[in-house]
Amino acid sequence: MPVSRNRNIATILGRSRASNASNRALAVDDGTGGGSLTVHDSIGNLPLSTATTGSMAFVNSNSRMYVYNGTGWYSATIVNTNPTWADSIGSGVGEPAASYSIDDSATPLVVTIGANDPEGVPIRYLGTASDSADPLMQSIVVDSDVGTVTFTPNSTATVWSNVAAGLHNDSAGGVFTYTFKATDGINILSKDATINYIGLAGGVIKPSTHGTAWQNATVSMQDAYGDGGTFSTNYNASAYQWNMTTHSKLFDGMLVRPTTMVVPDGEFLVVYWFKGLSGNSNHRGTGGFRVYDANDALLDYVALNSRNGDNASGVTTAGSNPGTKTTLGATAFGGLSNFYVAYRYSPSAGTRMWVKSSGTSPGTGANTWIHVTSNSSPTAPAYFGGSINNRQSSSGTVSIQMIDPTDLFNTLTF
């Protein structure tokens, strides 16, 4: 029966051990150690005629150690070099990227990595996720042979429902760290990557997805003094803007309620622009942002008056579950003819509202976003409306416009 290569190497090393009972270090051709080790640039340079049984050599080109058994050189695989990221199969796989994004639960993220081992040992793949992945991921499956990692997230509704129920805390806001690993059985090559569940991190109420509900809103007249009257409105489809063009009685206005609006799961932001209000002593008015529940009941209401001094508090709040006014938000604004109202909702963090002037105005908050209300335990909203009025015979049309707040999502934070 032929002797195996491993048995040959074991025999050689056993002889070396027997002649080196004091465990002296191996020498490099100087005779002072427990054996002779020569260094060569390539396998082709390994000597044959001068080699003796038990001679050892290290080859630079492949970082391997070899032992001579009397008839040939055998790899001892004593030196084990770390695997390296590489396009091992020519298909673009290799080192994982620094970050990846998951759009939604219907489309799992699939990442394929690749590594090589200098000794030719087959690579196995594995990985670990940070704790913040637990509430986000339904599963993370690793193909240890191929190097494919499949991230399947929970639906955003599931994640936020669990957060709201207190089952876990999504403190990372939809982001977790995953450590990709490749091993030859001895050494491990690893790299951290950020996985961002952008479908969870937040959404926005914007014209491209909510414009149809906004255009089909129920529009009614607000009869300020209960004395009847008429009004007229129109809709500017290109601007996603409702306009009140006439009204026959004092301070009557329009109320816009997009009852078919479907809000995103989890965190989201909505911004309306109120404009055209008059600010002089006779031609004043009010614009208000309104939050409704699924039963069309008013939950929260933030309004600003357009005449200086008309409302000493600057900001009016109302509804069955209104936010608490901040000190700055209660006093910063007055006399606005154009302003934005932004509302951000989170099942775990509550709500915040901001106001921003779009023109010259008095007060600390002119032309900056001012945090005006907070609510740590809000009722989940179903849709958002707005109301606006001017004094009868005031100057021109008043309007409410839906704004795409995508760029503001990370700016207006909790």
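Values reported hereafter were calculated over all heavy atoms of this structure, with side chains retained and with hydrogens, waters and symmetry mates removed.
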Test side-chain contact (heavy atoms from CB on, under 4.5 Å) applied to Ser139 - qualifying residues, sequence neighbours left out: Val141, Thr152
Consider only side-chain N and O atoms of [X] and [Y], and report whether a donor and an acceptor are under 3.5 Å apart.
X: Asn375; Y: Thr351; answer: no
X: Asp293; Y: Thr379; answer: no
X: Ser144; Y: Arg124; answer: yes
X: Thr84; Y: Asn116; answer: no
X: Asp296; Y: Tyr383; answer: yes
X: Thr112; Y: Thr148; answer: yes
X: His40; Y: Thr38; answer: yes
X: Asn243; Y: Thr245; answer: no
X: Asp103; Y: Ser101; answer: no
X: Thr246; Y: Ser232; answer: yes

Give a yes or no answer on whether the side chain of Arg344 reaches the backbone of Phe409 with a donor-acceptor pair at less than 3.5 Å. yes
Between OH on residue Tyr272 and OG on residue Ser387, distance to nearest 0.5 Å: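 That separation rounds to 11.5 Å.
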In this structure, is the centre-to-centre distance between the rings of [Y] and [X] below 6.0 Å?
X: Trp73; Y: Tyr68; value: yes
X: Tyr178; Y: Phe180; value: yes
X: Tyr66; Y: Tyr74; value: no

Taking all atoms of both residues into account, what is the closest heavy-atom pair of Ala342 and Leu412, and its distance? CB-CD1, 3.6 Å
